[in-house]
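Written below as structure tokens is the structure these notes are about.
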Amino acid sequence: MTTPELPTQYTPADVETQSYERWVSGGYFGADPGSGREPYSIVLPPPNVTGVLHIGHALDHSIQDALSRRARMRGMETLWLPGMDHAGIATQNVVERELGKEGLSRHDLGREAFIERVWQWKDESGGRILGQMRRLGDGVDWSRERFTMDEGLSRAVQTIFKRLFDDGLIYRAERIINWCPRCLTALSDIEVEHSEDEGELVSIRYSDEIVVATTRPETMLGDTAVAVHPSDERYAHLIGTTVELPLTGRRIPIVADEHVDPAFGTGCVKVTPAHDPNDFEIGRRHSLPSLTVMDERGVITAHGPFQGLDRFEARPAVVAALRQQGLIVAEKRPYLHAVGHCSRCKTVVEPRLSLQWFVNVSPLAKAAGDAVRDGRTRIHPPELAKRYFDWVDDMHDWCISRQLWWGHRIPVWYGPAGEVVCLGPDESAPEGYVQDPDVLDTWFSSGLWPFSTLGWPEKTPELARFYPTSVLVTGYDILFFWVARMMMFGLYAMDGQPPFRTVALHGMVRDQFGKKMSKSFGNVVDPLDWIERYGADATRFTLLRGANPGSDVAVSEDWAAGSRNFCNKIWNATRFALMNGAAVGELPDSLTAADRWILSRLQTVIGEADAAFEEFEFAKASDLLYHFAWDEVCDWYLELAKVQLSQGLEDTRLVLGHVFDALLRLLHPLVPFVTEELWRAVTGGESVVVSTWPVADARYADPAAEAEILAVQELVTEIRRFRSDQGLKPGQKVAARLSLSGTALAEHEAAIRSLLRLQEPSETFAATASLVVAGVTVQLDTAGTIDVAAERKRLEKDLAVARKDAAQVAAKLGNEQFMAKAPDDVVAKVRARAESSAADIARLEGQLAALPAG
RNA sequence: GGGCGGUUAGCUCAGCGGUAGAGCACUCGCCUUACAAGCGAGGGGUCACUGGUUCGAUACCAGUACCGCCCA
């Protein structure tokens, strides 16, 4: 085999793009539902077509890529299905903003032309995301890429809508919903973000006896009652009477309702059924009229001087008017209270009474909870399951209609005589019927993602093979946004089969101080920036190395550089192995202790890596492979191999080949690009992507060899410490006499001398220092006086440690309770420690006594 | 207000009943023929606090303080 010319530094940009294109054109990522292999499937949480991938996506994708690459290498028929969702509100907002620059509104274009325009934007924006995924190295099956608005998925949406409608689980009703006066659409509960904002609490006198407190004085224009608690004696005599509503002259009733908290404020509350969800319920209970006093933009429509004012202008105006009449009893400002904001545009949400479509979630949510309760779906880490239960067990009906144009139009048509028909994909409405103008919540279609992407409602081979999917990988922040919805729809559409066997949740990516990344704080990391500067592998490895299940990942530039260094280390170590003729082949039966040691360690590491991957412990898998690769393979084994090669031990090449072949395959799911390049060079194979995952082989387990090499390491480390303490330069050769015969280290003299730069003693050898390590005496001739003070300091320090340990251990052994109750193996360990610390003390005292004075 | 999680080395985090660990940062010495994106050595922690369980607690239990997240 010829030695390939590899540069001394790994340059990711030189290999990443071409490797990726070769993987795709090789068809490695394509999934075949017809193969006889065990299936493994993941659907990519579809990013919003309007956005760009941020570092959080990079983490999410890195995990999925690691899982699916490993599954593929383990011989499973692996599907990682990519795609995007149409992000109704966000996308429409972006395109409307673009139009705004041209001085146009969507109404100027009309619905059809506007949607045409959105599709153009979708191609442009979506294309950017696809490019980012390629740069990351995502091994997805591009032939199965889906989009929530594509034809097949739209059929799925219409099909399930009709099914739910026919089952009575979708209904239309006039309710108080969350309304965004800027986006001009309804929102579901989870699209509202609550924050503690500074507002005001104003107490208004409605009569001599009635004072109400409110944070939203402007809504008093729409009051239709005052409510008190039925058992509140202060107001019992007023129940059933009326009071005049200030500023309006309307008389409104005083009603008794359990909902009122008599301890809050005066115990009287104003009731505005059209502008508050709680008041709406009170209104229903008491058959109160609902009076809408604001339009869709939050502008006051009530008659009077306030008409035409925005809700935030109306607020002080109403208070001023009341104050003028002496009706303001108290004002508290600022007053901290929870305020809902549109999660898209941060506008304060307005509760609004309107006619909308809802999903009756009770039976669906119960099924979604049960699937996790009975273990059909496992949430990982398990402590996050509680959040899931809290959500699904107390879910309100889901408002699914949106007053937008971009999305799946509600498949309901209204006839001229008030008929309402819901139609499936291949049905058409009778002449003269008009379709509902609204579209569905984006989550309605992304809730179908795990099966709509596989061809549902058709009974496709893909669906039969890859559903339920093996695992869903997503952030814990999206557990109820999306996971709960997919669970509900999946169980409903797929006859009680949940969409995932496991939901593996990861955390958010944060900066090096654990701070949330935000544009305003300026600590946002762009994954492409890191990919350019450190490589895709380093970017991924940095993220995976911090990814503990369910917890946040802190990253920094320094750590990305560290990951890059790791890739470079692997690169150079493999380069060294290749330069020395590393080759893959049958290993001979007779190998050196060093060979048997590294092969034995390899088996252990394979087992540990498997265990970590199975439990989504990516940080652990990364860490243990990092240390095995760097500390054991690249450091100790390569140094030992150098000695073996210089001794002409040809088998070393086969061991090098074997170890690097396995190591590169183990690392491939984490750092796919550098391992691909190197693995091909080592093995001559087509691609590590389609190689096999290493399997631990018990025949190579060799505790004796491990113990032997451990002794070598101890000896070498101790003498290095002496050298360092004595200020001997690393390259400086020192004459030494080793008394290894009869010890476990007998065979390792050459290695020890090489690692420690120890020369054979000459005729004039005169030991200036003598050290005892691991039962071996090493005499050194440092060719001059040694630094006695430094050596004494060192020995005294070690002696202090040994004495402290001896005292600790003696105390234990002298403790009757400990001796009586501690398990035998622990006692045995303590006894062994007692012996070794006693030996250490004797040795160190001897060495100290032997030191020349001074 | 309810719930969950956290508090271990300067920073970020592992460990989770029996001798305190990693990466980065730091100090010292080295361009030792794979790698200075490197090599060798080193310093650094009463494991938040208070009780309890135990022969033994950083780890288990209870409480306190502080931090973070989710929900209302």
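Per chain, numbering begins at 1; letters A, B, ... match sequence-line order.
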>> Please give the stem ranges for RNA chain B, sorted by first residue number, where a stem is three or more consecutive Watson-Crick or G-U pairs and both donor-acceptor distances are under 3.5 Å.
In response: B:1-7 with B:65-71, B:10-13 with B:21-24, B:26-30 with B:38-42, B:48-52 with B:60-64

> For the pair made of CG in A:L755 and P in B:rG40, what is the distance, rounded to whole Å?
Replying inline: 10 Å

>> Tell me every residue that passes ring pair (Phe, Tyr, Trp, His ring centres under 6.0 Å) with A:F618, counting only those two or more places apart in sequence or in another chain.
In response: none

>> Just to verify, what does A:S836 make a side chain to side chain contact (heavy atoms under 4.5 Å, CB included) with, not counting sequence neighbours?
In response: none

>> Output the rounded distance in Å from CG (A:D394) to P (B:rA72).
In response: 9 Å

Restricting to nitrogen or oxygen on both sides, can you table the protein-nucleotides 21-31 of chain B pairs closer than 3.5 Å?
from: B:rA22; atom 1: O2'; to: A:H627; atom 2: NE2; distance (Å): 3.0
from: B:rG29; atom 1: O3'; to: A:K729; atom 2: NZ; distance (Å): 3.4
from: B:rC30; atom 1: OP1; to: A:K729; atom 2: NZ; distance (Å): 3.1

> What integer number of Å spans the P atoms of B:rG45 and B:rU33?
Replying inline: 37 Å

> A:D805 has a side chain; which of B:rU19, B:rA41, B:rC35 sits nearest to it?
Replying inline: B:rU19

>> Suppose you measure atom P in B:rG17 against the same atom in B:rU7; what distance do you get, rounded to whole Å?
In response: 15 Å

> Say you draw a straight line from CD1 of A:I570 to CD of A:E677; how long is it, rounded to the nearest 0.5 Å?
Replying inline: 14.5 Å

> Would you say the base of B:rA34 and the side-chain of A:K642 have a donor-acceptor pair closer than 3.5 Å?
Replying inline: yes

>> Taking the P atom in each of B:rG15 and B:rG2, what is the distance between them to the nearest angstrom?
In response: 31 Å

Nucleotides 5-7 of chain B: which of its N/O atoms have a protein N/O under 3.5 Å away?
none

> Phosphate oxygens OP1/OP2 of B:rA14: is one of them under 4.0 Å from a side-chain N or O of A:N548?
Replying inline: yes

>> If I take atom CZ in residue A:R387 and atom C1' in nucleotide B:rG2, what distance separates them, rounded to the nearest angstrom?
In response: 13 Å

> What pairs with A:Y626 under ring pair (Phe, Tyr, Trp, His ring centres under 6.0 Å), at least two apart in sequence or on another chain?
Replying inline: A:F566, A:W630

N/O donor to acceptor pairs below 3.5 angstrom from side-chain atoms of residues 815-823 of chain A, sequence neighbours left out:
from: A:N815; atom 1: OD1; to: A:Q817; atom 2: N; distance (Å): 2.9
from: A:N815; atom 1: OD1; to: A:F818; atom 2: N; distance (Å): 3.2

>> Once you apply a heavy-atom cut-off of 4.0 Å, does A:R533 come out as touching a base, just sugar-phosphate, or nothing?
In response: nothing

> Does the base of B:rA41 carry an N or O that pairs as donor and acceptor with the side chain of A:R721 under 3.5 Å?
Replying inline: no

> Can you tell me how far P of B:rG2 sits from NE2 of A:H194, to the nearest Å?
Replying inline: 18 Å

>> For the residue pair A:K569 and A:Y10, would you count it as a cation-pi contact if the rule is NZ or CZ under 6.0 angstrom from the ring centre and within 45 degrees of the ring axis?
In response: no

>> Checking A:W571 against A:T8 for the side chain to side chain contact (heavy atoms under 4.5 Å, CB included) test, could you report, in this order, the C-alpha distance in whole Å, the side-chain angles of both residues, the deciding distance, and whether it holds?
In response: CA-CA 8 Å; A:W571 176 266; A:T8 61; over 6 Å; no

> So which one's nearest nucleotide on RNA chain B is more toward 5', A:G514 or A:P12?
Replying inline: A:G514

> Quick one: which of B:rU19, B:rU32, B:rA37 gets closest to the side chain of A:R833?
Replying inline: B:rU19

> Near RNA chain B, which residues from residues 813-823 of chain A have a heavy atom under 4.0 Å away?
Replying inline: A:N815, A:Q817, A:F818, A:K821, A:A822, A:P823

>> Just checking A:K515: does its NZ atom have more than 12 heavy atoms from other residues, nucleotides or ligands closer to it than 6.0 angstrom?
In response: no

> Of all residues at least two apart in sequence or in a different chain, which pass the ring pair (Phe, Tyr, Trp, His ring centres under 6.0 Å) check with A:F616?
Replying inline: A:H380

> Listed by chain and number, what are the side chain to side chain contact (heavy atoms under 4.5 Å, CB included) partners of A:Q759, not counting sequence neighbours?
Replying inline: A:K733

> Which pairs count as salt bridge (Lys or Arg N to Asp or Glu O under 4.0 Å) when at least one residue sits in residues 554-568 of chain A, sequence neighbours excluded?
Replying inline: A:R533-A:E557

>> By nearest atom, which of the nucleotides B:rG40, B:rA41, B:rA34 is closest to the A:D635 side chain?
In response: B:rG40

> When you measure from the side chain of A:K569, which nucleotide among B:rG40, B:rA72, B:rG38 comes out closest?
Replying inline: B:rG38

> Say you pick atom P in B:rG40 and the same atom in B:rC31; how far apart are they, in whole Å?
Replying inline: 15 Å

> Tell me: CH2 of A:W636 to P of B:rC35, nearest whole Å?
Replying inline: 20 Å

> Separation of A:F576 atom CZ from B:rU32 atom P, in whole Å?
Replying inline: 16 Å

>> To check you understand the geometry: which heavy-atom pair defines the closest contact between A:D725 and A:A790, and what is its length?
In response: O-CB, 3.8 Å

> So how far is it from A:D798 CG to A:K793 NZ, rounded to the nearest 0.5 Å?
Replying inline: 12.0 Å

> Checking all strands, does A:C634 fall into the base, sugar-phosphate, or nothing category for heavy-atom contacts under 4.0 angstrom?
Replying inline: base

>> My understanding is that only residues two or more places apart in sequence, or in another chain, count here; which of them pass ring pair (Phe, Tyr, Trp, His ring centres under 6.0 Å) with A:F722?
In response: none

> Does the side chain of A:V483 come within less than 4.5 Å of A:W391's, by heavy atoms?
Replying inline: no

>> Using a 4.0 Å heavy-atom cut-off, does A:Q512 contact any base of the nucleic acid, only the sugar-phosphate backbone, or nothing at all?
In response: sugar-phosphate

> Start at the 5' end of RNA chain B and walk down; is the nucleotide closest to A:Q808 or to A:N568 reached first?
Replying inline: A:Q808

> Between A:Q726 and A:D787, which heavy-atom pair has the shortest distance, and what is it?
Replying inline: OE1-N, 2.7 Å

>> I'd like the P distance from B:rA37 over to B:rC24, given in whole Å.
In response: 14 Å

> When the C1' atoms of B:rG6 and B:rU64 are considered, how many whole Å apart are they?
Replying inline: 16 Å

>> Rounding to an integer number of Å, can you tell me how far A:M517 CE sits from B:rG68 C1'?
In response: 17 Å

>> I'd like the C1' distance from B:rC26 over to B:rC35, given in whole Å.
In response: 23 Å

>> Atom CZ of residue position A:R831 - does it have more than 12 heavy atoms of other residues, nucleotides or ligands inside 6.0 Å?
In response: no

>> How many whole angstroms separate atom CZ of A:R564 from atom C1' of B:rG38?
In response: 12 Å

> Given the P atoms of B:rU53 and B:rC67, what is the spacing between them in whole Å?
Replying inline: 32 Å

> If you look at every strand shown and take non-hydrogen atoms under 4.0 Å, does A:E557 touch a base, only sugar-phosphate, or nothing?
Replying inline: nothing

